[in-house]
Amino acid sequence: MDKRIDTCSCNIIHDEIVNAVKKKMPEEEVLFDLAEFFKVFGDSTRIKIMYALFEHEMCVCDIAALLNMTQSAVSHQLRVLKQARLVKYRKEGKIVYYSLNDDHIKDIVKEGLEHINEGR
């Protein structure tokens, strides 16, 4: 596989394109927050949890059983997902059920899976 990167062999800057893109570029702080958001997706355990919640809301015990993990480890990952506003929870008596926060999260997971499966 060729690992070279094609680059311009000239030194012309297309000012109209650069300026048009610059006007639409989000502020640095927003881009930083976006990068932090996607870092949460960089852990396969969190991806597994999100995929499970894509299918059905679940309690920590169920997720731990599904993934063959301790409840403590699952709780830690759910805390990260909750802080990133990717999951939400509801209490029913003593049981806490987790689900994906909204359809945006389902769309992100679904789009990611479609992208991965395109190359297979």
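Throughout, numbering of the chain's residues begins at 1 and tracks the sequence. A quick note: this is a predicted structure, and the numbers were derived from the prediction, not measured. Reckoned from all heavy atoms, side chains included, excluding hydrogens, waters and symmetry mates.
Here L100 contributes atom CG and H56 contributes atom NE2; the two are 12.5 Å apart, rounded to the nearest 0.5 Å. Going from atom CD1 of I95 over to atom NZ of K91 covers 12.5 Å, rounded to the nearest 0.5 Å. Here the OG-NZ distance, from S75 to K82, works out to 10.5 Å after rounding to the nearest 0.5 Å. Taken to the nearest 0.5 Å, the NZ atom of K106 stands 10.0 Å off from the CG atom of L53. Between N101 atom CG and Y89 atom OH the span is 12.0 Å, to the nearest 0.5 Å. Rounding to the nearest 0.5 Å gives a distance of 12.0 Å between OG of S99 and CE of M58.
Annotation: E28, atom CD; neighbour count of heavy atoms from other residues, nucleotides and ligands within 6.0 Å does not exceed 12.
In this structure the side chain of V96 never reaches within 4.5 angstrom of the side chain of V60, judged on heavy atoms. In this structure, L113 and Y51 have side chains that are in contact, with non-hydrogen atoms separated by less than 4.5 Å.
Screening T45, L66, D62, I63 against V74 for a side chain to side chain contact (heavy atoms under 4.5 Å, CB included) leaves a single residue, I63.
Checked against ring pair (Phe, Tyr, Trp, His ring centres under 6.0 Å), F41 has the following partners two or more places apart in sequence or in another chain: F37, F38.
Among residues at least two apart or in separate chains, there is no side chain to side chain donor-acceptor pair (under 3.5 Å) pair with a member in residues 108-120. Evaluation of the salt bridge (Lys or Arg N to Asp or Glu O under 4.0 Å) test over residues 29-49, restricted to residues two or more places apart or in two chains, returns E36-K39.
Cluster annotation: V87 and Y97 are assigned to distinct hydrophobic clusters (Ile/Leu/Val/Met/Phe/Trp/Tyr, side-chain heavy-atom contacts under 4.5 Å, transitive). Cluster annotation: V21 and L31 are assigned to the same hydrophobic cluster (Ile/Leu/Val/Met/Phe/Trp/Tyr, side-chain heavy-atom contacts under 4.5 Å, transitive).
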